[in-house]
Each structure stands twice: as structure tokens, then as C-alpha cells.
Amino acid sequence: MTVHQAAVAGAERLRDGGIETAWLDAIVLLCHVLDCTKERLFTEYEAELDNDTIVAFESTLTKRIAGLPVSYIRRSKEFFSLEHYVDERVLVPRPDSELLVETALRLARSDPSVRRVHDCCTGSGCIAIALAYERSDLELSASDVSQDAIDVARLNARNVLGHEIPMWRADLLAGLTAPVDMITANPPYLTTAEYERLTAQRWPEPQIALDGGPDGLDTIRTLANAALDCLRGNRYLLCEAADAQADSVREIFKEVGFARVETVCDIAGHRRVSIGYGAESTRI
Ligand code: GLN
């Protein structure tokens, strides 16, 4: 069987298994088992595959049809142009969260006094790691309530940055010993009903990373309440949420005492990132 024949047959199996992105997934999985780039794959369409490769490819197709995301099968996901290790212990990084990184970088550029940045609900660590990669002069730290996630995030820091950054298991901001200038977070923000719809499809990502309670805002409320005590002066809380939650997040930020709230849209115009600006008159 040639590379091209395997790709066509694989895509057909995935399509029959109900996978919408069948062709793309087949190509990516074939590249994975062959350990090659797409460009290389396309130039070697007529090469014959050995039996072991065909068996390995079949096994990835079976996993994909059973509902595993391609990123879990490959054990890898690109985020902010950096390759991160991922498995069932962590949420797969979403391109949406790159807006959070871009916004944090923009703020840090416009306010050079920003030095210390803490990323909570860090999961795979991708947000903290992308920030540390882009701005090695910033002091990054990260936390997550899941020890499994911290293990993955530490591995990613070592792999992507070549060194560790301080990371610990904690509920939100617990364990921060000194105030920081900026807090970033991609907390769980699906409503429980939305999460349950995913469970019905046997969604493999951790519930703790997705389920934000009845209105999806439980973690954001707790985080906003805790944040001002951990932020130095007129500084920043940046939080990702769904577009439909933007007004509620603004209300929450205002209620807990942020002086000003800005909502940042992605290129599709969805209100995805909320920035809370603390005033000098706040509790720190
Ligand atoms: N954007 C994610 C999703 O739709 C949710 C991520 C989160 O809850 N932090 O699956």
C-alpha cells in the first residue's frame, strides 16, 4: 500500500466513523506514524508503506474514531508556534487562548514596570510557557489545582524553554508569596450543562479544566475575588471566557473592585479576554 492509498483509505475510515475533519486528521496521523512533515508526506505519496507502519496507522485511526483528539494521539499540540506535550491529564491548548498571550504581551510592552506574571489554571502550562518564551526578562510562575497538570506543565517548561519555571499545585492563587503585576487565567468556564453534553459524547478532556459550574463562572468569581489581594497596585487580571460571558465577567470584575474593565475581541469579533485594571486605591 502506498502513502497516498493509506491516506485515502484512512480518511474514508474516519469519515465512516463520523469524523468531520477526516482528510486532515488522516494526513496528520499518517505523518505522526511516519515521523515526517506534511510536505515530506506529499512528496512521497507513491512510496510503499511497510506492514508495521500500516498497523500503527490503523491503531491511530481506531483511537480517533473512539473519540480521542488527534493531539492526544500524537501527544503533542502546537500553541503560539511552540510544540507542547499533551495527554489526557490536561486540556488541549486552543488557538483561542493565543489571544490571552497576545494581550498579556501587549500590556507588558506598554507597561514596562510589569515584571512578575502568574498564570493560574495553567493546565499544560502553554500560556505561562509562551509568555516566558517571548519575554525571558519577565518572572513567570504558574499553578493548577491538579497535580497531574503541574507534572505536564513542568515537563513542557523543560522541553520548550530548556529550564523550569516556578510551578505548584494550588487552588487558584494560593501559594503566591508576593504580589505580582499580572495574573493570567484560562479557567474552566463551560456551564455544567455544556460540559454534560460533552460527557455524553465521551469527551476525554478533564472535567476540572472545563466545568465552571451552573453558569460557567464559578472559578472566575473566586479568582476575581482573590486577585486584587495578589496584584501590586494598578495592575492586571486577564481572563479568558466565552463571548456570551463577557458582560457577566465585566460585572464580576467591577463588583470585586477592579477600577476598569476592558474586553478584548478575537479576529472573529468574539469577546474572549477580559482585563481587570486595579486602581492604586485598591487593597494593596
Ligand atoms: N474553549 C474551551 C472549549 O470550548 C473551553 C475552555 C475552558 O473551559 N477553559 O472547549
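Numbering of ligands and ligand atoms starts at 1, following listing order. Side chains are part of it too, since the values below use all heavy atoms of this structure and drop only hydrogens, waters and symmetry mates.
- The shell of residues lying under 4.0 angstrom from ligand 1, judged by heavy atoms, includes L210.
- A donor and an acceptor atom, one from each side chain of S143 and H118, are located under 3.5 Å apart.
- A distance-only check finds no donor-acceptor pair linking the side chain of S136 to the backbone of A132 [under 3.5 Å].
- Protein heavy atom at the shortest distance from atom 1 (N) of ligand 1 is Y189 OH, 3.0 Å.
- Ranking the protein heavy atoms by distance from atom 4 (O) of ligand 1 puts L190 CD2, 4.1 Å first.
- Between R94 and E205 there is a salt bridge, since at least one side-chain N of the basic residue sits less than 4.0 Å from a carboxylate O of the acidic one.
- Contact annotation: for A209 versus ligand 1, heavy atoms closer than 4.0 Å belong to the backbone alone.
- Geometrically, ligand 1 and E240 share no nitrogen or oxygen pair separated by less than 3.5 Å.
- Taking a cutoff of 4.0 Å between a charged side-chain nitrogen and a carboxylate oxygen, R271 and D266 do not qualify as a salt bridge.
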Test log, rule side chain to side chain contact (heavy atoms under 4.5 Å, CB included), inputs F79 and V101 = CA-CA 10 Å; F79 179 81; V101 176; 3.8 Å; yes

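- Close approach of ligand 1 to R94 is summarised as follows: ligand atoms under 4.0 Å from at least one heavy atom of the residue are 2 (C), 3 (C), 10 (O).
- The atoms of ligand 1 that sit less than 4.0 Å from any heavy atom of P187 are 7 (C), 8 (O), 9 (N).
- Residues R15 and E20 are not paired through a salt bridge, judged by the lack of any N-O separation under 4.0 Å between the basic side chain and the carboxylate.
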